[in-house]
Amino acid sequence: MPAFDAEKDYAPKWDHDTDTLASFLTWKSASHHNQQTKRLIDAILVPMCQFVREELKQQLANQSTTVRIPGLQDIKNREEETQQQIRTLTNTVNELTKQVATLSARPTPITRAAPVATLAPTQQSPKPPTTKKPTPPTAPTYAQVVEKQPKEFTEVRSKKKAKKETILPKPYPTADRLIIFSLTTAPNDRKEAANRALQLVNKAITNHADIEHPPLILANITATNNLVLTVAPQYLSTTYEPYLAILEDALHEFPIALSRISQRWTRFIVNSIPTTATPEAVRTEIETNYPALRMGQTPRWLTSPERRQGKKASSMIITFIGEMTKKSLGATSLAMFNRECTITEYIMFGPTTQCNKCQTFGHPTQRCTASNYTCAVCAQPHPMKNHPCAIASCKAGHSCNHPPIRCSNCHQPHKASDRNCPTLAKITLGMRRDNAAPTDTVMAV
Ligand SMILES: [Zn+2]
Ligand SMILES: [Zn+2]
Ligand SMILES: [Zn+2]
Ligand SMILES: [Zn+2]
């Protein structure tokens, strides 16, 4: 009997086939074999098992790289899809955050006095006032977008810093929240009279069936005998206009000469007015020559009588009802007293007004006499918008928050615009100590 050669006789057949070993083992146990065959079988079983074991190891190693777990590709595909959705949503959120930031700069008033038409008839096209920004009705709110996001994506956050939210919503400007009653005589005790007035109007507001508006929050009697009432922060005083008669009635014990709702005013400086003219005459001239303009306060001279002494013409501050600029007014001068009086825009400033050029307090940028710029970030002599920064990711300019940061007023490491600057605090404290009455100054620019 020829020698049994496992490699030669069996290898081709059990290459990658463990079944061969299994049938060989079955054949060994099931058959009666003579001693020589048994020895032969045992002699080949050892290398055969070894061979199969190696073979299996090899197969296993190969499988680990090509192994296909059902659904794995699906998971991979889904992950890619998810990443794409996250990218799209992040973009949307960024875009909407930008929109929200521009739109929520201040609340859109519910009602507002109609803007005064421009003087020039050619410019009377229905141009919206520049200060109003209507909310696009189609833009979804941030909350709606968040709500639309599938649950598993709620962790996605815009990389932009979230706007600081306040507990109380942003109020309307005080100027849009006043109801004013002019009194003919001064009360003995202004504070006490103001308290009484607030009590009376709020009793009327609460008890009157037609009034759904909330009570008023402040009452004050000014030095010029105006009883000034302030409505709640989330309301405009114009929404109280229908109740003016009711409020007047509630205040019948006060000597009311006139009542009105606060409106936005725009002030201009009108130059070259003959010093012989009276403020009342100027008012009449303007109202006669420009019926489209509604005047607020009676005009007043910009300078003192002493300063006007010996001058033929001088400037007056005139107040128009409504918000406007020289551009929206549509004129650069007003004709009165047989002359063209040029107009300039008016700005107000006080001791705490900070100059954007030299960073000191007490004058507006337009009035700066400094020859060099002072950076509000680092106090070096360059405009703040040119402030450099070594940090690559920094936008530099005003947004830079990296050292060296120095205040040119107090030399401490904060920006000159920091509202907590001790120099500013000193000025504010001084103003309070002096109880400085009218600190604001008027100027033409
Ligand atoms: Zn300056
Ligand atoms: Zn700088
Ligand atoms: Zn920086
Ligand atoms: Zn400072």
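Indexing begins at 1, ligand by ligand and atom by atom, following the structure's order.
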* Asked: Is Leu236 close to Val231 at the side-chain level, that is, under 4.5 Å between some pair of heavy atoms?
  -> no

* Any donor and acceptor pair, going by atom type alone, linking the side chain of Gln234 with main-chain N or O of Pro169 inside 3.5 Å? -> yes

* Asked: Any chance NZ of Lys385 has more than 12 other-residue heavy atoms, nucleotides or ligands included, within less than 6.0 Å?
  -> no

* Asked: Is there side-chain contact between Met295 and Ile286, with heavy atoms separated by less than 4.5 Å?
  -> yes

* So, Arg260 versus Asn226: side-chain donor-acceptor pair below 3.5 Å or not? -> no

* To do: Assess whether atom OH of Tyr373 is packed by more than 12 heavy atoms of other residues, nucleotides or ligands within 6.0 Å.
  => no

* **Parallel, tilted or perpendicular: rings of His387 and His382 (30°, 60°)** => tilted

* Asked: Just by distance, with hydrogens left out, do Thr239 and His213 show a side-chain donor and acceptor under 3.5 Å apart?
  -> yes

* Asked: What is the number of protein N/O/S atoms located under 2.8 Å from the Zn ion (ligand 1)?
  -> 4

* Going by chain and residue number, what protein N/O/S atoms come nearer than 2.8 Å to the Zn ion (ligand 4)? -> Cys407 SG, Cys410 SG, His414 NE2, Cys421 SG

* All salt bridge (charged side-chain N to carboxylate O under 4.0 Å, His left out) counterparts of Glu287, not counting sequence neighbours -> Arg283

* In total, how many protein N/O/S atoms does one find closer than 2.8 Å to the Zn ion (ligand 2)? -> 4

* Asked: Do other residues, nucleotides or ligands put more than 12 heavy atoms under 6.0 Å from the CG atom of Asn207?
  -> yes

